[in-house]
Amino acid sequence: MASRSRVSLALRKTRISPASTSKLCRPLIQARYQSTATTEDTEGIAKGTTGTSKTIKFTSETYPSIKRNSKFPQITEEHVKYFKQLLGAESAVIDGVTKDATDDLEPFNGDWMRKYRGHTKLVLKPGSTEEVSKVLKYCNDNMLAVVPQGGNSGLVGGSVPVFDEIVINMSRMNQIRSFDEISGTLVVDAGVILEVADGYLGERGHIFPLDLGAKGSCHIGGNVATNAGGLRLLRYGSLHGSVLGIEAVLPDGTIVDDLSKLRKNNTGYDLKQLFIGAEGTIGIITGISVLCPQRSSAINVAFFGLESYEKVQLAFKEAKGQLSEILSAFELMDSHSQDLVHNVTKNKRPLEREHPFYCLIETSGSNSEHDNEKLEKFLEYVMENDIVSDGVVAQDSTQVRSLWGWREGIPECLGHWGGVYKYDLSIPIAELYDLVNETRDKITAAGLLGDTPDDPVVGVVGYGHMGDSNLHLNIATRRYDKSVEKVLEPFVYEWIAKRSGSISAEHGLGLAKKNYIGYSRSQTMIGLMKQIKNLYDPNGIMNPYKYI
Amino acid sequence: MSGLRILVPVKRVIDYAVKPRVNKAQTAVETAGVKHSMNPFDELSIEESVRIREKKSHPLGVHEIIAFTAGPPKSADILRTAMAMGADRSIHVETKEGDEIEPLGVAKLLSAVVKKEKIDLVVLGKQSIDDDAGQTGQMLAGLLGWPQATQASKVGFEGEKGVLVEKEVDGGIETVKSKLPMIITADLRLNEPRYASLPNIMKAKKKKIEKISAADLGVDVGRRLKTLKVIEPPPRQGGGKVDDVDGMIAKLKELGAI
């Protein structure tokens with residue numbers, strides 16, 4: 001089989017990234033199931049510029065209005081001594097307090113987008129739930145602020161410190177605790193890397209109910225703490241449904257042992273839900289039990305061109321009706337996004353002619369003949385009824401990957417010109433695309449959009465998880481420009497608020513969206529949230545300056 | 001001659017993105033429940049034949065493109081794909097699931113079809129990615145006594161009979177010139193195969209697949225080789241992780257490295 005893989009490699013080289021592919025953009029066709037961490041996760045940052053500078057600007061300089069809270073004391077040698085005694089192993093404490101460890105601390109201070117950077121001098125890597133408990137209790141008693149950190153692949157600056165908060169990195173808690181092949185229940189430490197868990201499950205015929213671009217580095221604990229959305233949500237639902245139990249540590253050291261493996265458990269308040277999406281503001285998740293579905297053996301992908309957003313909605317309705325249980329993705333891409341991808345990659349377009357809208361449909365099931373039959377019927381229907389104007393169907397896995405590349409390559413290609421203003425929004429499906437049109441009109445009217453180097457904006461594009469009513473509104477720019485920002489904000493947030501949408505569909509609040517929560521939640525709701533925060537973290541040491 | 005008659009043999013193989021596994025009895029690679037697709041090199045041959053037609057690169061044009069396969073009933077799927085990409089009709093020599101015809105057997109079948117259908121040009125993939133034999137095209141040329149150009153990266157015509165084929169060799173490109181009828185085998189850089197479009201997939205359903213047996217063609221496809229055992233290469237020995245520098249030094253000492 002050695003030669004087989006050689007052939008495969010050669011195929012990949014020639015067919016997928018032709019020689020003309022720009023070096024600035026890595027091969028578009030990143031296998032959907034590969035781990036290179038820049039597909040899904042580059043979506044959705046409020047003001048992300050693709051990092052090109054060598055050093056990241058300190059968050060405290062970018063946001064001068066945020067002041068260090070003086071109730072938190074400076075970290076002393078005595079504190080460090082306690083942690084070293086507690087955690088034992090030399091590698092469990094990165095100490096920048098008693099000595100200079102700037103280089104070692106850098107990866108824990110900066111986020112991967114190179115947008116946020118803190119000043120921490122101390123990183124702790126507890127190896128067990130008990131150690132997490134003792135660390136937090138000590139911090140709580142001494143009023144030391146902490147930032148829980150997983151794979152540090154977040155998009156809103158939630159996983160890095162702002163000032164000198166202690167980073168509690170979960171990477172040493174990386175054991176798969178148990179897996180029940182009958183029920184599909186997986187129990188893992190919080191620091192297990194998503195791809196490791198998915199690979200482990202793959203060998204056992206199961207699949208993790210979450211998949212995203214950063215799977216090679218992100219921790220399951222972090223995924224749960226941020227309630228990550230990703231590519232499998234349409235099919236398997238959100239983590240609020242698939243997580244069966246959580247083990248977490250409260251700031252006072254209390255271990256919340258709710259690591260249930262039960263699907264049904266109506267006995268009192270479902271407190272584990274509080275930790276899902278809490279972004280480490282009320283406690284640290286140390287263990288998770290999650291219900292994992294069977295892995296599908298038959299996967300089909302089709303790619304359509306459509307003439308209007310109305311037709312896209314019709315196609316989605318038909319896909320749900322006719323493909324029902326085998327439909328696993330319905331992704332929307334507008335022509336502007338595809339033009340920019342084509343512009344950067346120069347890859348051959350899947351369809352001969354150009355269309356205003358494109359959709360990618362994926363089905364996954366257990367029986368390929370059954371799936372093919374359903375898919376063919378559906379395809380015939382949408383063609384004959386003029387719902388789609390044109391379309392192709394992947395004939396093999398290579399084509400599956402390259403078709404996905406036209407969707408997954410968008411975030412990366414948009415960064416090609418310099419910066420991207422990104423919004424990750426939930427909008428009622430009927431109005432989903434209106435926002436893109438209105439934003440484009442406004443940008444055009446302001447004279448900001450054009451092809452010359454003087455025009456700040458390259459394109460206003462919309463794409464996203466149609467199946468989840470989740471739009472990614474992206475404005476690709478040549479440089480960071482105040483005049484563009486003025487057109488966009490607060491226009492976008494107000495537009496969303498008017499339609500009761502969400503200003504952050506799947507990426508959370510962190511630092512980036514903290515100030516905008518009011519557009520999606522009422523004062524009463526925010527008040528209730530603050531009560532919960534104060535109840536579990538009365539000293540406010542958990543991930544301060546962020547969230548709400 | 002009134003337009004080229006092109007024959008394109010295709011093979012259904014385990015999808016190249018799938019990691020093949022050996023069956024428990026160690027007699028073959030596990031194929032049940034595994035995704036199959038058209039051999040990628042054969043996609044190139046179909047694409048090239050369709051381009052010869054579309055670009056009118058031969059002065060007399062293309063009269064007909066026939067896809068051919070020898071394989072189990074499910075191989076009909078890839079004939080449909082071939083026809084969705086542009087082949088006009090297909091011939092299917094059906095075999096039992098699990099019966100693999102050796103390259104010589106396939107070459108004999110093809111030779112019979114070439115004569116029956118009065119073929120002028122056979123475009124094959126240079127190898128199939130399952131057994132990697134890379135022999136069928138050459139054997140067919142030998143059986144027919146036709147010229148052959150293997151590993152083609154570009155195909156062109158010169159008048160009604162002349163054929164120019166470029167092949168990539170170490171350090172450059174070799175151009176060979178020959179005359180129809182002939183055999184060409186396709187290499188990776190020959191072209192970029194198209195996707196099967198919805199309208200063409202539907203049209204392909206109405207195109208004809210002719211089922212014939214090896215006996216109809218008067219060919220004995222009995223095996224001459226016997227597979228004794230199929231085993232996977234030994235797995236890579238995984239590395240170990242140490243907690244700290246001291247642990248690493250201790251490990252290195254234990255292994256006698258320092």
_What part of A/Phe304 gets within 4.5 angstrom of chain B, counting heavy atoms only: side chain, backbone, both, or neither?_
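Answer is side chain: those atoms of A/Phe304 sit under 4.5 Å from chain B.
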
_Interface moiety of A/Glu369 toward chain B, non-hydrogen atoms closer than 4.5 Å_ =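 Answer is side chain: those atoms of A/Glu369 sit under 4.5 Å from chain B.
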
*So, are A/Glu352 and B/Arg194 salt-bridged, with charged N and O less than 4.0 Å apart?*
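Salt bridge absent between A/Glu352 and B/Arg194.
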
*Can you check whether A/Ser397's main-chain N or O pairs, donor with acceptor, with B/Asp15's side chain at less than 3.5 Å?*
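Judged by distance alone, yes, a pair lies under 3.5 Å.
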
*Verdict with supporting geometry, B/Tyr195 and A/Leu403, side-chain contact (heavy atoms from CB on, under 4.5 Å)*: CA-CA 10 Å; B/Tyr195 294 93; A/Leu403 289 180; 3.6 Å; yes

Looking at every non-hydrogen atom in both residues, tell me the closest pair between [X] and [Y] and how far apart they are.
X: A/Arg401; Y: B/Ala17; answer: NH2-CB, 4.2 Å
X: B/Lys35; Y: A/Gln395; answer: NZ-O, 4.3 Å
X: A/Val392; Y: B/Ser197; answer: CG1-CA, 3.8 Å

*Take atom CD in B/Gln26; do more than 12 heavy atoms of anything else shown fall under 6.0 Å from it?*
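Check passes, neighbour count above 12.
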
*Do other residues, nucleotides or ligands put more than 12 heavy atoms under 6.0 Å from the NZ atom of B/Lys251?*
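Not more than 12 within 6.0 Å, no.
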
*How long is the gap from CD1 on B/Ile201 to CD on A/Glu376, to the nearest 0.5 Å?*
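That separation rounds to 7.5 Å.
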
*Distance in Å, A/Asp396 CG paired with B/Ile14 CD1, rounded so as to fall on 0.5 Å steps*: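 With rounding to 0.5 Å, CG (A/Asp396) is 14.0 Å from CD1 (B/Ile14).
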
*chain B contacts: which residues in residues 377-387 of chain A have a non-hydrogen atom closer than 4.5 Å to it?*
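Within residues 377-387 of chain A, the residues that come under 4.5 Å of chain B (heavy atoms only) are A/Leu379, A/Glu380, A/Met383.
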
*Evaluation steps, side-chain contact (heavy atoms from CB on, under 4.5 Å), between B/Tyr16 and A/Thr398*: CA-CA 8 Å; B/Tyr16 105 90; A/Thr398 316; 2.6 Å; yes

